[in-house]
Protein chains: 2
Amino acid sequence: MDKAEKYDKPDKCAEKREAIIQAALELVAEQGFHGAPMAMIAEKAGVGAGTIYRYFENKDDLIRWIYKNVEERFVEVMMQGYPEHGPVRERLVHIGTALVRHLINEPLQLRFVEQFHNSPYGVDHRREKIFGQQKKDIISELFDEAVAQQIFKPLELAILFSLFFGPLVDICRDHILGFIKLDDALIEQVVGACWDALRR
Amino acid sequence: MDKAEKYDKPDKCAEKREAIIQAALELVAEQGFHGAPMAMIAEKAGVGAGTIYRYFENKDDLIRWIYKNVEERFVEVMMQGYPEHGPVRERLVHIGTALVRHLINEPLQLRFVEQFHNSPYGVDHRREKIFGQQKKDIISELFDEAVAQQIFKPLELAILFSLFFGPLVDICRDHILGFIKLDDALIEQVVGACWDALRR
DNA sequence: TATAAAGGAATGAACGGTCATTCCGCGAAA
DNA sequence: TTTCGCGGAATGACCGTTCATTCCTTTATA
């Protein structure tokens, strides 16, 4: 039964890979990088320790791959139903609300990203994000536009991002850890408060 | 010369202890906990590896002791010149400005605290801070008062703290890492923005 | 179809390196 | 001479990574 189930699936490789990713995501999110040795990831994923190295070059590679995917998911979520032609406030509230809703539904993703940001990778990543800026993304464009239209305070993008996203992420973490209890009304209030910080 | 200097001081023990603390603070701040092994702390402090254990029970003890002291320094700085009887806005601006000025003058302390917060200690510490709350501190009292007077939005303390302190700390980090350049005028604008987030 | 060999995926014990902590000999102070 | 702080090699635990071996699937053969 076990064996039949195991081998009649055509994509067992992809499944193993997924199991490794999920195990690593959970362990890093819940215990930090210290608490996620490769042997433990392997055990949790139900594979041998060496197997991980068939799918990922090394631990760094695994961690970066997960981060990249999680971050992409964040952007996707914020862009889903994005009111591209609405007023600035509506667009910003959409982004903030979508992000918060997603983060509290996927606590592991939030915790993982936080662990990543506070690690040797983190600084390099932020530097690249602030200075690299080869192709402006939609969110940066929205902020630039709002500054140009004198809707936002005339501050650098990095500062505006901190004012808006910083508290939202902090508050999601507090919700996940059980320190506060977010509901729809409260999310709206908090996003509104972050908007107030940006508004001229 | 070295020896003479070393032993004619009456408080050489306290000096050694200070050297250990300073070395640990610097290494953790600059490299994270991974990059601050006890042997390296000892070398940087100019003492033997075993000597650290004459002053601190173990690494945890050392780290917690440093954290406690750094945090106390933060509170001291915010309370220095605190306009106790001024209007709420003035008091809040004082706190925010004093904190930012101190953080950018003492980048190691900021980086150390951030490392601490993102570690197994961090969550427990925050939980204790939010729920423990045996004796209200002056800052909490200020926020409570502002909510009661309907100057602030009617939100929980944890949320108001995130709205105010979250961005300030983020921005100081960006300054330290060279991503932005804070000056007095900019600090005032940013603190003002955080105030706007709280204001009803 | 039945059997056997080949090929590649998976395994987990073993390796080299690092870490926190211990412990014992040394040398300064009394 | 005795005492005691100190140093740093030694210890044992742990971690990322490797690799010889095993196991499963596919292909070749009769």
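Just so it is clear: chains get the letters A, B, ... in the order the sequence lines come, proteins before strands, and each one is counted from 1.
- We find that CZ of R54(B) is positioned 20 Å from P of dA20(C), with the value rounded to whole Å.
- Rounded to an integer number of Å, the gap from L27(A) CG to dC15(D) C1' is 14 Å.
- Between F33(B) atom CZ and dC19(C) atom P the separation is 15 Å, expressed in whole Å.
- Taking the side chain as every heavy atom from C-beta outward, L163(A) and C194(A) never approach each other to under 4.5 Å.
- One atom, CD1 of I41(B), and another, C1' of dG8(D), lie 16 Å apart when rounded to the nearest Å.
- The hydrophobic clustering, which links ILVMFWY residues whose side-chain heavy atoms are closer than 4.5 Å, places L25(B) and V77(B) apart.
- Remark: P of dG5(D) and CD of E15(B) are 17 Å apart, rounded to the nearest angstrom.
- Rounded to an integer number of Å, the gap from E43(A) CD to dA10(C) P is 18 Å.
- The minimum heavy-atom distance between L198(B) and L160(B), with the atom names listed, is CD2-O, 3.5 Å.
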Letter per nucleotide, 5' to 3', of nucleotides 17-22 of chain D [B base touched, S only sugar-phosphate touched, - untouched; heavy atoms, 4.0 Å]: BB----
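- Taking every side-chain heavy atom of P37(B) into account, dC19(C) is the closest of dG16(D), dC19(C), dG7(D).
- For residues 79-98 of chain B, the set of pairs meeting the ring-ring contact (aromatic ring centres under 6.0 Å, His included) definition, not counting sequence neighbours, is empty.
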CA sep, side-chain torsions, deciding dist, call: R91(A), E141(A), salt bridge (charged side-chain N to carboxylate O under 4.0 Å, His left out): CA-CA 12 Å; R91(A) 281 187 274 166; E141(A) 280 171 10; over 6 Å; no
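- Distance D61(A) CG to dG16(D) P: 15 Å, rounded to the nearest Å.
- Atom CZ in R17(A) sits about 12 Å away from atom P in dA10(C), given to the nearest Å.
- Phosphate contact (OP1/OP2 of dA9(C), side-chain N/O of Y55(A), threshold under 4.0 Å): absent.
- Annotation: side-chain hydrogen bond (donor to acceptor under 3.5 Å, both in side chains) contacts involving residues 107-122 of chain A, sequence neighbours excluded, comprise D60(A)-Y121(A), Y67(A)-H117(A), H102(A)-Q109(A), E114(A)-R173(A).
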